[in-house]
Amino acid sequence: MLGRTANGLYWMFRYIERAENIARLVDAGLRVSLTRAGSSDEDWHGVLESAGVRDTYSEVHDELTAANAVDYLLRDQTNPSSVMSCIEYGRNNARMVRTALTRETWEATNEAWIDLKAHLARPLRAPELPELIDVIKRRCGLIRGAFHGSMLRNEIYNFSRIGTFIERADNTSRILDVKYYVLLPSISQVGSALDNFHWESILRSVSAQRSYGWVYDSEYLAANIADFLILKVQMPRSLAYCYEKIVSNLSYLEADYGEHHRAHDTAAAIKGMLKRGSITDIMDHGLHEFLQDFIYRNNQLSADISDGYRFYQ
Amino acid sequence: MLTAENLPRPPYQTYQEWYANQDAAHLIRKTQDAENIFRKTGITFAVYGHADSAEKLIPFDIIPRIISAREWRKLAQGIEQRVLALNAFLDDIYHKQEIIRAGRIPRELIERNVTFMPEMIGFKPPGGVYTHIVGTDIVRTGEDQFYVLEDNARTPSGVSYMLENRETMMQMFPELFTLNKVQRVEDYPRLLRQSLACVAPPGCKGRPRVAVLTPGSYNSAYYEHSFLADQMGVELVEGSDLRVIDGRVKMRTTKGYEAIDVLYRRVDDDYLDPLTFRPDSALGIPGIMDVYRAGNITIANAPGTGIADDKAIYSYMPEIVEFYTGRKALLDNVPTWRCSEPDSLKYVLEHIHELVVKEVHGSGGYGMLVGPTATKQECEDFSLKLAARPHNYIAQPTLALSTVPIFVNKGVAPRHVDLRPYVLVSDKVKIIPGGLTRVALKQGSLVVNSSQGGGTKDTWVLED
């Protein structure tokens, strides 16, 4: 496979994963503003920060309002991480690697682009938002379904999956990092209404408000939430799960090509750290420091993969 | 579609009976369905310099154009003769130049032509093939009467539309294909790959590695490039993926650099090799011409084939066909005035309102004047351009083109069309039965180019 094609697949799936994650963040933000007494537009700060666009937002908008934040996150094409931009980049990459995709996968991606472009063509009114977020999630789900149902389990599949999970790990760690302070044991007052709202919004951002209850007690505990999102291998958006997958997809590539790269070592080291880690240690040593370090190493892996498999050079 | 007595021409008879039983509203819905299929599949093209430039659909007409087996056989013979003559001509002008020495073609017309490529002099491409893929543009004026408009011998495009049009028709109207026995076009990608593999360099061992070279996803024909690579099961490469290493052209893969044997390039000659041609080209591969001349890669079509489909050379095609095949051309040329000749120029200027005037090196329907539909002012403006650079133009009469029916909201209406059959040349010549029919959608219009509002339709060649 061409290095450029591997690169295109990797980024196609990163962008589609990101589009879906941004939609989830907006969903969590909307939920908060509906359910929490005394909520204000200021709550959108955290959402913008989780999406990594707080600075660029203030370049475009003078004040923070819910309507502007939602517009910026979903529609604004000057925001490279808006849902519309992600779908556009994802589809452009898909078009570039068209020959590597099945017709089903390509058509699901192309139709997502056509449909969302129409839905996001004009500013949205608040009552339309729940339906729209549903459309975004459904479209991304259709791409994933077509991909899983029709693609050969070969190098193409592996590069696509690696892109998905590196993006997902990045998103989950950022969501946690923005809210890390509410998870600190010293500050949190267990069971208070304030905490519940923060925690529920974290869980909602990763579509885990229900599954949390299956794994832990229904009571929200800071350590449990951090454990769930970082170390729980059963949780499909946890860092540990993402690295299980990344390491196994990389090892398929290693077996297939008979080549071992630095990327394999980087990924194995991160997976090992997540496997051995305990949530008490992580919180004792500093959750924020842990997450910052993780984000850095996750980016490092991305660079190692791009070197090893000749994405650009 | 109709005879003088207003009866359907024989190849349309079965279709006509079927059509008579269709409900108009249903067919309007089908037209919409077809558009959705094309949009969903991403069968789009970009129009350069268009404000809303992103991606456009080429309008698709649901009524097929139908050609009888008998008429097709005649046409195919003429095309084969012409394509063989084109290859012989190219071989000759890059070697012995006998046609010039015989006084049939003026020397300066070849050697001063910008499409003539001195780098190709004395070089024989692998298998001796210059034009691996040809799309001959043809118009029909009446029963068994065909004229060749152009020989596209460089990189003819549109074959993906031929294939997708058929696919769409089979999806929408399967019953039509049981009522009519239509010859297959679906084999094209497989035949193309075979044909390309067949002309691999002599040193190539094992199964030749074929790749399609595209200028990139922003190119107007990108859909077609990816479609063909996908259907052939070969890599779609860009210049930035390729590099000359150890005398071979190699592509950067996830496992390292791997050599390519045959490159089906959809990049113009000028951009192919910045070391030999345009130094500013970012689309090409530095040094590929050296690899080519050393016989280590096949480039299809060969560089320098543009001289054969140049519009000034076109007017000599009857002589060219006769010179190399020893027989009169089976297909007629449209009578052509070469404006570089003073008598012709005089005639063209006097009759400009009756003629179609084209730029010698132009394509895509740009830079041409259609006299009968142009305003007086447009004719006068064009005359000035023509008088200033006469050697840059040729002129042709407008032919009494036959029309075919298209589907409009009120039923059927006649429109002018042309036909581009696709021809593959390797150790043999293969002509795909059918081709791309382009339709001038505007009533009375003769311009079929997609960049100027033309549409397409499926083209059926019936079995005997």
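Throughout, protein chains are lettered first and strands after them, A, B, ... in sequence-line order, and every chain is numbered starting at 1.
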- Message: Given heavy-atom pairs under 4.5 angstrom as the criterion, report whether the side chain, backbone, both or neither of A:Leu2 touches chain B.
- Response: both
- Query: If you count the non-hydrogen atoms of other residues, nucleotides and ligands that lie under 6.0 Å from CG in B:Asp280, is the total more than 12?
  - Reply: yes
- Atom group of A:Phe159 that falls short of 4.5 Å from chain B, counting heavy atoms: side chain
- Mark yes when over 12 heavy atoms from residues, nucleotides or ligands other than B:Phe173 sit less than 6.0 Å from its CZ; otherwise mark no. yes
- Bottom line for B:Glu238: the part with an atom under 4.5 Å from chain A's heavy atoms is both
- Task: Look at atom CZ of A:Arg297 and say whether more than 12 heavy atoms of other residues, nucleotides or ligands are closer to it than 6.0 Å.
- Result: yes
- Pairwise distance CG(B:Asn36) to CD(A:Glu111) - rounded to 0.5 angstrom: 9.0 Å
- Task: Would you list the pairs meeting side chain to side chain donor-acceptor pair (under 3.5 Å) in which at least one residue belongs to residues 239-249 of chain A, sequence neighbours left out?
- Result: A:Tyr243-A:Asn298
- Would you mind telling me which of B:Lys255, B:Arg252, B:Lys40 has the largest number of heavy-atom pairs within less than 4.5 Å of chain A? B:Arg252
- Note on the structure: One option among A:Met96, A:Glu155, A:Arg95, A:Glu259 has the most heavy-atom pairs under 4.5 Å with chain B, and it is A:Arg95
- Residues in salt bridge (charged side-chain N to carboxylate O under 4.0 Å, His left out) contact with A:Asp170, at least two apart in sequence or another chain: A:Arg174
- Message: Just checking A:Arg153: does its CZ atom have more than 12 heavy atoms from other residues, nucleotides or ligands closer to it than 6.0 angstrom?
- Response: yes
- For chain B, which residues of residues 98-110 of chain A have at least one non-hydrogen atom nearer than 4.5 Å to it? A:Arg98, A:Thr99, A:Arg103, A:Trp106, A:Glu107, A:Asn110
Ignoring hydrogens and angles, write down the donor-acceptor pairs under 3.5 Å from the side chains of residues 154-164 of chain B, residues two or more places apart or on other chains.
from, atom 1, to, atom 2, distance (Å)
B:Arg154, NE, B:Asp309, OD1, 2.8
B:Arg154, NE, B:Asp309, OD2, 3.4
B:Arg154, NH2, B:Asp309, OD1, 2.7
B:Ser160, OG, B:Glu224, OE1, 2.7
B:Glu164, OE2, B:Tyr223, OH, 2.6

- Once you round to the nearest 0.5 Å, how far does CG of B:Asp241 lie from CZ of A:Arg4? 4.0 Å
- Less than 4.5 Å apart, any side-chain heavy atom of B:Arg39 and any of A:Ile114? yes
- Message: Ignoring hydrogens, what is the shortest heavy-atom contact between A:Tyr257 and B:Thr254? Give both atom names and the distance.
- Response: OH-OG1, 2.7 Å
- Message: Are more than 12 heavy atoms, taken from residues, nucleotides or ligands other than A:Tyr72, located less than 6.0 Å from that residue's OH atom?
- Response: yes
- Can you name the closest pair of heavy atoms from A:Val97 and B:Tyr222 and give their distance? N-OH, 4.5 Å
